[in-house]
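These notes are about the structure you will find just below.
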Amino acid sequence: MKIAVMKETHQGEMRVPLIPPTADRLVKLGAEVVIESGLGLTCRHQDSDYEKVGARIETSRGEMLKTADIILRLRKPPIEEIEQMKKGCIHISYLDPFNEVELVNKMAAAGISAVSLEMLPRTTLAQKMDVLSSQANLGGYVSVILASEQLDKVLPMMTTPAGTIKPARVFIIGVGVAGLQAIATARRLGARVEAFDTRPVVEEQVKSLGAKFVKIDLGETGQTKDGYAKELTPEQVQKQKEGMAKACAQADIVITTAQVFGRPAPRIVDEGILKQMRPGSVIIDMAVESGGNVEGSEVDKIVEKHGVKIVGLGNLPGRVAETASQVYSANLGNFVDHFWDKEAKVFKLDREDEIISGSLITHGGEIVNEMYKKIMNK
Ligand code: NAD
C-alpha cells in the first residue's frame, strides 16, 4: 500500500505530520512511504533523513495525490485537491468536519474514506492515537509560558532581602487536557492556581495538582459518554459568570480553555468581568479559534480592554512545533499500526471497530458517521 504524506499548505504552520522515526515504522510495516519533498524542514528534518529510513521523496504533489492509497496530513486538505485523489483513498487528518460542510460533501462525492482525527473516541485504547489530547496538552503548556511573558510580574513567590514577593494568581477556566497541563505548568512556575469546570468530576484532579477548585452551583451539568461537557442553559451561563467574577478579579492571569463538542465555544468572560479585573492582568483565550470564551478576543491578536491584555493567538501547539510534530506523528503511526494487517501488509478499514466507526466521516460515496449526521441533522 502506498502511503503519501503531504506538506502543509496552511500559512504559518510549522508542525509537520510525520517525522523520520514514524516513517521508519511505516516502512517496517511493509508500506511504500512517499514523502513530499521539504515536508520536515520547518522542524529541521531533511529529505535525506526520510530517505535513510527507506521512504521515497517525491516532488510532484499531483502524482502523490493521484496514486496514494492512504494520505496522511496534519490539517484538512485544500478543497481543490480532493478531486485529484484516487477513489477509495483513505485520508487521515484533522478535518474540522462541523465547520467544513462543503469539504466533507466533496470528500463523500469523490469516494474518499475520510478519517477525522478530532472524532476519535476518548477511550483508553484510542489514547495512543488521540491528537486532540497530544496537542491540547502542549497548548496548555504554551498558554502559561505566553501569559507569563505578557505579565509584568513574576509567577513564583520569592523571599528576598528587599522583601517578600507574593506569587502571581492564575485562574484556569475549563479543566480538560489543556487546562490540566496549564495548571501543572503554572504550579511548576510557582503560581497560586485556582480552576473551574462545569464537570464536577474534575475537582479531584485539580486538587491533586495542588490547585484550588472554585465551586459554583450550576445545578445539573453532567457530561457526555465521551466525557465532554454539555452545553449550559443561558441561566447556568449567567450563574457561572457571577460565580467566577471574584476569581477573575483577583487573578493576574486567566486562561480559558472551555469547549463544548460540536458547538461554538461558550462565551463566559464578558465585559462585566473584564471591568472588574485588575489593569495589567492577562487573559489567554485558548478557545479563540472556535468562537472564543472571552468577549473581545481576536484570532491571532493581542488586544487590550479595560487595561486587561486579551491574548487570542491561535495554534498554540504550533509554537512548540518540534515537540508537537513528534507527538502528532506518533499518534498517526499508532493509528496506522493499530489497523494494519501485518500479514497482508494492508490497512484494514474495519467499520465494525469503534475507533473507525467513530472517526470515519465519509466512505463509499456517502457520509457515514452517525454522530456527525446527528449533530448536523443529516
Ligand atoms: P474540551 O477541549 O472539549 O473542553 C475543555 C474543557 O472545557 C472541558 O473540561 C469541559 O468540561 C470544559 N468546559 C465546557 N464548558 C465549560 C464552561 N462553560 N465553563 C468551564 N468549563 C467548561 O475537553 P478535552 O480536553 O478534549 O477533554 C474532554 C474529555 O475527554 C474530558 O473528560 C477528558 O478527561 C476526556 N479525555 C479522555 C481521554 C481518554 O480516556 N482516552 C483522553 C483525553 C481526554
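The basis for the numbers below is simple: all heavy atoms, side chains too, and nothing from hydrogens, waters or symmetry mates. For ligands, and for the atoms within them, numbers begin at 1 and follow the listed sequence.
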Thinking salt bridges, do R44 and E322 make one under a 4.0 Å N-O criterion? yes
Could you see which bit of L132 sits under 4.0 Å from ligand 1, with heavy atoms only: side chain, backbone, both or neither? neither
Which protein non-hydrogen atom lies closest to atom 16 (C) of ligand 1, naming both residue and atom, and how far is it? A258 CB, 3.5 Å
Using protein heavy atoms only, decide if any is under 4.0 Å from atom 34 (O) of ligand 1. no
Using a 4.0 Å cut-off to any heavy atom of G176, which atoms of ligand 1 qualify? 6 (C), 8 (C), 9 (O), 25 (O)
Those residues at least two apart in sequence (or on a different chain) that pass side-chain contact (heavy atoms from CB on, under 4.5 Å) with T124 are Q127
Show me which atoms of ligand 1 lie under 4.0 Å from any heavy atom of V177. 25 (O), 43 (C), 44 (C)
Can you confirm if the aromatic rings of F98 and Y372 lie within a centre distance of less than 6.0 Å? yes
Could you tell me the residue and atom name of the protein heavy atom closest to atom 1 (P) of ligand 1, and the distance to it rounded to 0.1 Å? Q259 CB, 3.8 Å
Under 4.0 Å, heavy-atom basis, I'd like to know which part of R199 is in contact with ligand 1: side chain, backbone, both or neither. side chain
Per-atom filter on ligand 1: closer than 4.0 angstrom to a heavy atom of V175 are 9 (O)
How far is atom 8 (C) of ligand 1 from its nearest protein heavy atom, and which residue and atom name does that atom have? D197 OD2, 3.4 Å
My understanding is that only residues two or more places apart in sequence, or in another chain, count here; which of them pass side chain to side chain donor-acceptor pair (under 3.5 Å) with H363? S113
The answer for which part of L232 has a heavy atom under 4.0 Å from ligand 1 is side chain
Close-contact set for ligand 1 against Q240 heavy atoms, below 4.0 Å: 17 (C), 18 (N), 19 (N), 20 (C)
For ligand 1, which is the ligand I care about here, please tell me if T123 has any N or O atom under 3.5 Å from one of the ligand's N or O atoms. yes
Is any NZ, NE, NH1 or NH2 atom of the basic residue among D24 and K28 found under 4.0 Å from an Asp or Glu carboxylate oxygen of the other? yes
For S133, the ligand 1 atoms with a heavy-atom partner under 4.0 Å come out as 42 (C), 43 (C), 44 (C)
Flag atom 12 (C) of ligand 1 as yes if some protein heavy-atom distance to it falls below 4.0 Å, otherwise no. yes
Carboxylate-amine/guanidinium contact D252 K153, below 4.0 Å: yes
Carboxylate-amine/guanidinium contact R61 E36, below 4.0 Å: yes
Near D130 (heavy-atom distance under 4.0 Å), the atoms of ligand 1 are 42 (C), 43 (C)
For atom 21 (N) of ligand 1, what is the closest protein heavy atom, and at what distance to 0.1 Å? G174 CA, 3.5 Å
Are E271 and K305 close enough for a salt bridge, meaning some N to O gap below 4.0 Å? yes
In ligand 1, the atoms that come under 4.0 Å of a heavy atom of Y228 are 3 (O), 26 (O), 28 (C)
Just checking K374: does its NZ atom have more than 12 heavy atoms from other residues, nucleotides or ligands closer to it than 6.0 angstrom? no
